There are 2 protein chains.
Amino acid sequence: MKRPTLEAVAARAGVSKSSVSRVVNGQSTVTPEIRELVLAAVRELGYLPNPAARSLVTRRTDAIALIVSDPPGGLVSDDPMFSAVVRAASRTLEAAGKQVVLTLASSDEARERAGRYVAAGHVDGVLLVSMHGADPLPAMLARTGVPVVSHGRPALAAGLPYVDHDHTGGAALAVRHLIDSGRRRVATITGPLDMTAARDRLAAYRDTVREAGRRPIAAIGDFTRVSGAQAMRELLADEPDVDAVFAANDLMAIGALRALREAGRRVPGDVAVAGYDDIEAALYTDPPLTTVRSPMDEQAEAGARLLLGLVDGGPAEPVVLPTSLIVRESA
Amino acid sequence: MKRPTLEAVAARAGVSKSSVSRVVNGQSTVTPEIRELVLAAVRELGYLPNPAARSLVTRRTDAIALIVSDPPGGLVSDDPMFSAVVRAASRTLEAAGKQVVLTLASSDEARERAGRYVAAGHVDGVLLVSMHGADPLPAMLARTGVPVVSHGRPALAAGLPYVDHDHTGGAALAVRHLIDSGRRRVATITGPLDMTAARDRLAAYRDTVREAGRRPIAAIGDFTRVSGAQAMRELLADEPDVDAVFAANDLMAIGALRALREAGRRVPGDVAVAGYDDIEAALYTDPPLTTVRSPMDEQAEAGARLLLGLVDGGPAEPVVLPTSLIVRESA
DNA sequence: TCGCCGTGAGAGAGCGCTCCCCGACCCGCA
DNA sequence: TGCGGGTCGGGGAGCGCTCTCTCACGGCGA
């Protein structure tokens with residue numbers, strides 16, 4: 001009726017609890033004979049170790065929390081990058097025998113709860129996706145003593161190990177491409193400026209444009225499609241002779257394409273458009289989008305690896321991955 | 001140094017372990033005086049109950065597994081519907097105090113491990129997303145005795161409680177719309193036929209078309225964008241006078257739009273296109289896509305609720321939600 | 001032959017919590 | 001004042017596992 005315990009297996013196999021434990025945990029100091037006996041009993045009884053009992057004594061859970069600290073709008077979890085991150089991190093962590101506990105913390109209450117969850121010892125480590133500057137969660141988690149790796153350089157909570165990619169280099173690549181192809185008035189549509197990613201991309205845009213002796217022209221978006229369209233309309237109103245736009249992500253670039261079409265401007269004839277992220281949809285726009293590939297899967301995988309190392313007492317070296325420009329037809 | 005235990009709190013507050021336990025678990029038979037004493041000690045010590053110890057004795061984990069049984073290609077977890085499901089289910093489950101353990105089981109080995117994970121008692125229940133016919137996971141999970149709810153009617157493993165929406169009604173709505181708007185040769189692009197959703201939508205298409213005295217014309221896709229484009233090309237080759245297409249999901253409809261454009265057909269002028277799912281991208285195609293809204297968030301929420309009921313010993317009534325047609329410009 | 005060492009099995013003490021059961025205390029009533 | 005009933009706190013036995021410590025045994029060298 002009830003589930004077999006280690007003791008039941010021991011009785012069945014005619015050996016001690018200790019021996020069963022040793023076999024189940026793969027220790028080497030067991031004679032093959034006894035090992036076989038135990039394995040047979042395990043099979044017959046369908047024994048599976050009770051995880052609660054095990055982690056009570058080992059103080060390990062073999063679980064890793066993937067916490068997505070999301071503003072109420074659900075910005076991050078709506079982003080196409082999100083499922084890439086989840087997928088890559090899951091794959092890596094599960095290959096290492098860790099269970100992934102997904103936590104979408106989209107309210108302060110949920111963040112509070114996530115913090116308590118981690119502090120209570122439910123998980124061995126945390127892979128944190130938190131992009132907004134004022135987010136209290138990174139600091140909160142750092143205080144728990146549980147290993148934490150941030151996916152993306154955190155705004156505050158410096159000192160938290162993180163994995164990121166080279167936003168500055170990537171954005172510079174795109175902007176320089178626009179300038180090199182002969183565009184005179186190169187504008188940008190930024191992401192929300194409390195995100196380090198958005199700030200880095202904007203700074204790189206500014207530097208690159210100024211280096212070329214041009215004046216920066218910026219409209220602020222929030223990484224959503226609609227905000228991209230809105231920002232593009234503003235740009236067209238304020239700077240009618242704009243002939244190139246670097247949008248800080250593809251979603252906003254897609255919005256910009258739409259706004260340009262509505263305004264009767266042709267892409268890339270009248271206005272060149274470059275995006276950032278290389279999401280799948282960038283392939284299917286009209287025209288296909290020139291964009292910066294942000295290696296989300298590799299970044300998530302690197303984050304997972306860094307975390308796994310930390311959990312095993314390894315070092316906390318931040319990782320920064322390179323980016324590359326994908327040239328298509330929009331610029 | 002080490003984390004405070006319930007016993008430490010009891011000592012601090014000058015009461016017994018039992019009283020602390022009662023306070024922490026919100027039992028009513030505690031005098032306000034003692035309750036305050038305990039809460040003060042809890043606060044001072046920063047006490048958090050050890051979940052392993054607790055679930056060892058209660059046999060509850062307060063965790064729910066969200067298992068996405070995905071073919072190797074990552075079809076489901078690539079689908080825009082995926083994050084909607086994750087988000088809605090998470091929200092509902094977390095509001096009920098359950099932690100969501102996400103499991104992307106995209107290989108047989110991973111499925112095996114997921115089954116063992118559940119059988120070992122890591123979670124109190126499972127919300128299963130498994131769409132492919134031959135998937136052994138539903139049956140495996142059913143055998144564990146842990147409550148399972150399937151998101152979408154499972155192909156095999158009848159008897160598994162599920163939550164779905166009315167594919168038949170939804171598809172009929174779309175096809176009838178095409179016919180009623182005067183289209184003569186209405187084709188369909190199907191999903192993979194080992195998925196009940198794809199089969200239901202195809203059957204509804206057939207019935208509706210035949211009812212109108214027409215001949216069904218079908219090309220087989222696999223719910224991906226590229227397969228939609230490919231299927232559309234086949235349809236154009238085999239039936240050049242096709243003037244309407246019902247794609248079994250929006251992704252394939254988007255692929256079809258692309259193939260139609262490449263072939264020089266105008267939408268909706270030459271060919272009307274209808275999709276299914278109402279993903280966000282359907283708003284941004286050119287022209288915007290007429291589609292059937294499949295209420296993924298509501299479905300996921302209903303699934304979570306059904307599961308929560310089951311965990312508490314409630315009934316296992318399947319739930320089927322209604323669908324509606326969203327008419328835009330493509331048909 | 002004796003003793004020492006190494007290898008491998010067994011016994012049992014917890015890990016931190018819940019919950020049953022008992023006992024104490026307080027109140028009201030006679 | 002004594003007694004009964006009800007309420008509430010405390011003691012302690014486990015939940016199932018790991019891991020240390022002890023012990024038995026066999027082999028080998030002197």
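Note that this is a predicted model, so its numbers are computed, not measured. A note on names: the letters A, B, ... follow the listed sequences, proteins ahead of strands, and every chain is numbered from 1.
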- Note on the structure: Outer limits of DNA chain D sitting under 4.0 Å from a non-hydrogen atom of chain A, read 5' to 3', are D:dG16 to D:dC19
- Item | A:H151 vs A:V85 side-chain heavy atoms within contact, under 4.5 Å | yes
- Item | Sequence neighbours excluded, every pair satisfying side chain to side chain donor-acceptor pair (under 3.5 Å) that has a member inside residues 134-149 of chain A | A:S69-A:D135, A:S130-A:D135
Which residue pairs pass the salt bridge (charged side-chain N to carboxylate O under 4.0 Å, His left out) test with at least one member in [range], sequence neighbours excluded?
| range | answer |
| --- | --- |
| residues 19-31 of chain A | none |
| residues 303-320 of chain B | B:E301-B:R305 |
| residues 88-102 of chain B | A:R113-B:E94, B:D62-B:K98, B:K98-B:D124 |
| residues 27-56 of chain B | B:R12-B:E44 |

- Applying side-chain contact (heavy atoms from CB on, under 4.5 Å) to A:A95 and not counting sequence neighbours gives none
- Message: Once salt bridge (charged side-chain N to carboxylate O under 4.0 Å, His left out) is applied, do any residues pair with A:D108, and if so which ones, sequence neighbours excluded?
- Response: A:R111
- Could you tell me which residues satisfy ring pair (Phe, Tyr, Trp, His ring centres under 6.0 Å) with B:Y117, sequence neighbours excluded, listed by chain and number? B:H122
Collect all protein-nucleotide pairs involving nucleotides 9-12 of chain C in which both atoms are nitrogen or oxygen and the distance is under 3.5 Å.
from: C:dA9; atom 1: OP1; to: A:T31; atom 2: N; distance (Å): 3.3
from: C:dA9; atom 1: OP1; to: A:T31; atom 2: OG1; distance (Å): 2.3
from: C:dA9; atom 1: OP2; to: A:T29; atom 2: O; distance (Å): 3.0
from: C:dG10; atom 1: OP2; to: A:S16; atom 2: N; distance (Å): 3.0
from: C:dG10; atom 1: OP2; to: A:S16; atom 2: OG; distance (Å): 3.2
from: C:dG10; atom 1: OP2; to: A:S19; atom 2: OG; distance (Å): 3.0
from: C:dG10; atom 1: N7; to: A:R22; atom 2: NH2; distance (Å): 3.0
from: C:dA11; atom 1: N7; to: A:S18; atom 2: OG; distance (Å): 3.1
from: C:dA11; atom 1: N6; to: A:S18; atom 2: OG; distance (Å): 2.7

Donor-acceptor pairs are to be reported for all side-chain atoms of residues 46-53 of chain A against protein atoms at under 3.5 Å, with residues two or more places apart or in another chain.
from: A:N50; atom 1: OD1; to: A:A52; atom 2: N; distance (Å): 2.8
from: A:N50; atom 1: OD1; to: A:A53; atom 2: N; distance (Å): 3.1

- Message: Just the rounded figure in Å: distance from P of C:dA13 to CG of A:L56.
- Response: 17 Å
- Query: Whole Å only: how far is the CD atom of A:E33 from the C1' atom of C:dT7?
  - Reply: 15 Å
- For the helix from C:dT1-D:dA30 to C:dA30-D:dT1, figure out the bend between the end axes, five pairs an end, and round to 10 degrees. 50°
